[in-house]
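Data block below; observations after.
Just so we're clear, the structure is a prediction, and the values are computed from it rather than from any experiment. A, B, ... follow the sequence lines: proteins, then strands. Residue 1 opens every chain. Computed over heavy atoms, backbone and side chain alike; hydrogens, waters and symmetry mates excluded.
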There are 4 protein chains.
Amino acid sequence: MTTPTGRPRSEQARQAVLDAVDDLLVEVGYAAMTMKNIAERAGVGRPTVYRWWSGKAEILIEACTEDAIRELATEPQGQPREDLDGYLVRLGHFLTVEPPGLAYRALIGEAQHDAKVAELVRKADLLAPPTITVLDRVRPQSPRMPADGVAVAQLVGPLLTHVLTTGAPMADEDLRRHAEILLEGWR
Amino acid sequence: MTTPTGRPRSEQARQAVLDAVDDLLVEVGYAAMTMKNIAERAGVGRPTVYRWWSGKAEILIEACTEDAIRELATEPQGQPREDLDGYLVRLGHFLTVEPPGLAYRALIGEAQHDAKVAELVRKADLLAPPTITVLDRVRPQSPRMPADGVAVAQLVGPLLTHVLTTGAPMADEDLRRHAEILLEGWR
Amino acid sequence: MTTPTGRPRSEQARQAVLDAVDDLLVEVGYAAMTMKNIAERAGVGRPTVYRWWSGKAEILIEACTEDAIRELATEPQGQPREDLDGYLVRLGHFLTVEPPGLAYRALIGEAQHDAKVAELVRKADLLAPPTITVLDRVRPQSPRMPADGVAVAQLVGPLLTHVLTTGAPMADEDLRRHAEILLEGWR
Amino acid sequence: MTTPTGRPRSEQARQAVLDAVDDLLVEVGYAAMTMKNIAERAGVGRPTVYRWWSGKAEILIEACTEDAIRELATEPQGQPREDLDGYLVRLGHFLTVEPPGLAYRALIGEAQHDAKVAELVRKADLLAPPTITVLDRVRPQSPRMPADGVAVAQLVGPLLTHVLTTGAPMADEDLRRHAEILLEGWR
DNA sequence: TAATAATCGAGACGGTACGTCTTGTCTTCGT
DNA sequence: ACGAAGACAAGACGTACCGTCTCGATTATTA
């Protein structure tokens with residue numbers, strides 16, 4: 001066992017960087033966010049940022065992971081269709097309006113250009129936990145629902161794809177139709 | 001009416017740029033591809049590139065659009081499930097191995113950071129035409145299949161999402177399961 | 001023969017950089033002068049500075065060489081002693097007050113740390129030409145005056161050394177004494 | 001009167017720093033010597049270095065002052081010319097080959113950029129003591145030799161200037177000529 | 001024999017210059 | 001008028017060192 005020596009990491013600096021990234025994402029967007037202005041906004045030296053994160057993607061994923069899970073929690077509804085439906089509407093809003101959702105999209109985007117970010121996104125697998133929570137509610141009425149991996153993809157894939165390729169959420173009506181068909185297929 | 005005077009645009013230069021982009025995408029990837037090295041690789045002045053395209057995304061979309069549609073065409077199979085299934089396998093390969101597929105993913109990625117690219121991607125809507133072709137084949141046996149927009153999303157969304165978030169295609173077995181459930185839901 | 005192609009070097013940018021260095025040397029001194037603030041002061045991109053000069057020493061030597069020769073020119077005096085004496089006083093002032101003289105000292109200083117600068121300083125040999133001009137005037141009365149290299153060193157060496165090690169010029173009285181002794185030794 | 005309490009200064013740390021500076025000067029040169037690598041080389045914390053010295057120049061002057069005086073001591077020769085001559089050859093070697101001599105040149109160089117270092121160099125006045133020792137030997141035969149300040153400058157100035165501006169010592173032949181002329185002037 | 005206090009090595013901190021890179025524009029000459 | 005070549009201003013990149021700070025641990029002196 002080695003006792004760490006030297007000055008300990010400043011939790012204040014860490015939090016300032018995470019907050020700065022949150023703010024900048026909203027204010028200027030992912031593309032215009034640079035390691036330089038993150039450091040300046042956080043009131044932190046640039047090397048301090050590089051000491052703990054290798055790029056803006058890594059900071060962003062740390063900044064938004066917890067938020068995402070919390071924000072996607074939904075109350076159980078009476079009916080399976082309402083459960084799925086409500087969740088999809090919630091998710092559509094998350095991905096097109098809320099900062100952590102926009103951050104997640106930016107990260108998926110970056111992942112297509114950078115293998116390191118791809119690995120981070122793959123590991124974070126942000127949507128799986130809240131989606132599985134919802135799926136578990138409808139599982140009793142859906143005996144043919146496939147394994148989690150496939151079921152999650154079936155539920156959120158169409159919506160996520162639509163958002164990523166058009167920038168807009170699917171119409172509520174279409175989401176309802178989608179949920180209905182899936183439930184039918186899983187029955 | 002103005003008859004253009006002076007030296008006309010060089011078709012040779014245009015083609016050299018498109019070829020350079022194709023090559024560079026494979027050799028160095030989207031991120032490392034710059035307007036500078038595109039121009040150098042094409043043996044063309046940088047201003048010539050900027051004169052006709054506004055950025056690498058625009059060049060790329062011009063370079064790969066036609067290819068995509070052609071490469072995703074599939075032969076009709078005997079059974080609906082085999083039609084969908086074969087197409088999905090083909091699409092998985094396209095998105096993870098073939099250059100136009102990788103280019104499309106890169107463009108979707110860039111679209112998350114750049115509204116102008118998002119617009120290009122939205123307009124190109126690369127996957128819809130070949131997907132609709134396939135859907136039309138199974139439509140007779142799928143009376144409850146929703147409108148094209150939703151149906152396309154339901155079919156390819158789970159796969160595309162999986163590729164974009166993990167970098168790998170879905171397992172063939174999972175694709176089969178997915179097609180089966182959808183057909184059930186559409187029946 | 002190769003005709004140079006592309007946009008030619010901007011003489012305006014070159015002059016702006018040389019002027020900026022002159023100004024900054026006076027305003028903030030050699031140590032605080034950086035490639036960054038030279039570029040900013042000149043209203044020029046940093047790469048433009050690096051394209052033509054490798055460091056501030058190289059810019060400075062280009063900026064002050066011509067000035068130096070011109071500023072050290074002295075009128076012939078009636079007497080040999082007055083010729084040497086007047087020149088030494090002039091040189092003391094040059095080295096302790098005038099910008100090109102301060103620049104030259106800074107360059108000699110830098111030369112002790114950087115072999116490349118040392119080479120530049122060696123080649124410029126700023127003091128030799130004006131000093132030889134003066135020596136030529138007293139040569140008729142100084143038959144034993146040694147070769148230029150040694151004579152220049154004997155005349156200006158004591159003063160330059162004094163300035164470099166104390167920052168101040170030698171007292172006029174001491175300069176007079178020095179010139180007198182040298183003339184005696186050369187007679 | 002206050003007797004200092006607390007842990008006393010570590011003489012071991014002080015010596016380690018001085019040794020590290022000596023080594024680094026030879027190994028990497030003055031320019032590449034940083035407070036950081038001095039501390040690392042000495043196996044000492046950076047604040048410990050800053051606690052006792054304000055910069056590398058200050059350390060260097062402490063590290064080499066004593067050496068210089070000792071190393072420049074020369075045996076009395078029979079003849080005045082041989083006394084001066086031998087000393088000048090010795091000094092040329094000192095300034096171009098021996099570490100303390102190189103350190104002294106580096107300090108004179110730094111002094112042109114930094115007033116604080118200039119003050120240190122001015123106070124150390126490294127060459128005066130050994131030079132005066134030699135001058136005293138020839139004073140009996142040199143009734144017109146001026147005051148120490150001027151005489152020292154006259155003797156070593158030409159050589160030091162030559163070394164500082166060219167990096168090389170003067171030719172032995174030229175040194176001999178120089179000494180001869182000075183003695184003539186002082187007679 | 002404690003308590004006190006200044007030192008020590010280690011290393012993170014905010015700051016800033018470094019020299020390189022790419023961006024998109026411009027200028028020049030040749031086609 | 002368009003082509004290539006390449007210089008231009010701008011500014012982010014990631015690294016290095018600066019001098020300061022905050023640690024826990026050590027080492028004398030003082031009480």
When you measure from the side chain of H113(B) to the backbone of A106(A), do you find a donor-acceptor pair of N or O atoms at a distance under 3.5 Å? yes
Is it true that R14(C) and E11(C) have a side-chain N and a carboxylate O under 4.0 angstrom from each other? yes
Both S10(A) and G45(D) contact DNA chain E. Taking the nearest nucleotide for each, which residue is further toward the 5' end? G45(D)
Here the distance between atom C1' of dA7(F) and atom CZ of R7(C), to the nearest Å, is 5 Å
Between R51(B) and dG3(F), does any side-chain N or O lie under 4.0 Å from OP1 or OP2? yes
Measure from CD on E58(B) to P on dG24(E) and round the result to the nearest Å. 11 Å
Salt bridge between K116(C) and E119(C), side-chain N to carboxylate O under 4.0 Å? no
Enumerate the residues from residues 105-120 of chain C whose closest heavy atom to DNA chain E is under 4.0 Å, giving them by residue number; use none for an empty result. none
Let me spell it out: for each of A42(A) and A32(B), pick the nucleotide of DNA chain E with the closest heavy atom. Which residue's pick is nearer the 5' end? A42(A)
Could you point out which residue of E110(C), R105(C), Q112(C) forms a side chain to side chain contact (heavy atoms under 4.5 Å, CB included) with I108(C)? Q112(C)
Could you check how far CD of E40(B) sits from P of dT23(E), rounded to whole Å? 10 Å
Distance col, row L107(B):CG vs L126(B):CG, nearest 0.5 angstrom, shows 8.5 Å
Check: protein-nucleotides 17-20 of chain E nitrogen or oxygen pairs below 3.5 Å:
{"residue": "dC18(E)", "atom": "OP1", "partner": "M35(C)", "partner atom": "N", "Å": "3.0"}
{"residue": "dC18(E)", "atom": "OP2", "partner": "M35(C)", "partner atom": "N", "Å": "3.2"}
{"residue": "dC18(E)", "atom": "OP2", "partner": "K36(C)", "partner atom": "N", "Å": "2.9"}
{"residue": "dG19(E)", "atom": "OP2", "partner": "Y50(C)", "partner atom": "OH", "Å": "2.6"}
{"residue": "dG19(E)", "atom": "N7", "partner": "R46(C)", "partner atom": "NH1", "Å": "3.0"}
{"residue": "dG19(E)", "atom": "O6", "partner": "R46(C)", "partner atom": "NH1", "Å": "3.1"}
{"residue": "dG19(E)", "atom": "O6", "partner": "R46(C)", "partner atom": "NH2", "Å": "3.2"}

Closest to the side chain of T5(A), out of dA5(F), dG9(E), dA6(E), is dG9(E)
What distance do K56(C) atom NZ and M35(C) atom CE have between them, rounded to the nearest 0.5 Å? 9.5 Å
Between L25(B) and M33(B), the two heavy atoms sitting closest are N-SD, 3.8 Å
Respond yes when some side-chain nitrogen or oxygen of W52(A) is under 4.0 Å from OP1 or OP2 of dG11(E), and no when none is. no
How many angstroms lie between atom CD1 of I38(D) and atom CG of D23(D), to the nearest 0.5 angstrom? 11.0 Å
Note: for P8(D) and A13(B) on DNA chain F, the residue whose nearest nucleotide lies more 5' is A13(B)
Does dG9(E) have OP1 or OP2 sitting under 4.0 Å from an N or O in the side chain of T48(D)? yes
Here the side chain to side chain donor-acceptor pair (under 3.5 Å) pairs for residues 33-45 of chain A, sequence neighbours left out, are E27(A)-R41(A), T34(A)-N37(A), K36(A)-E40(A)
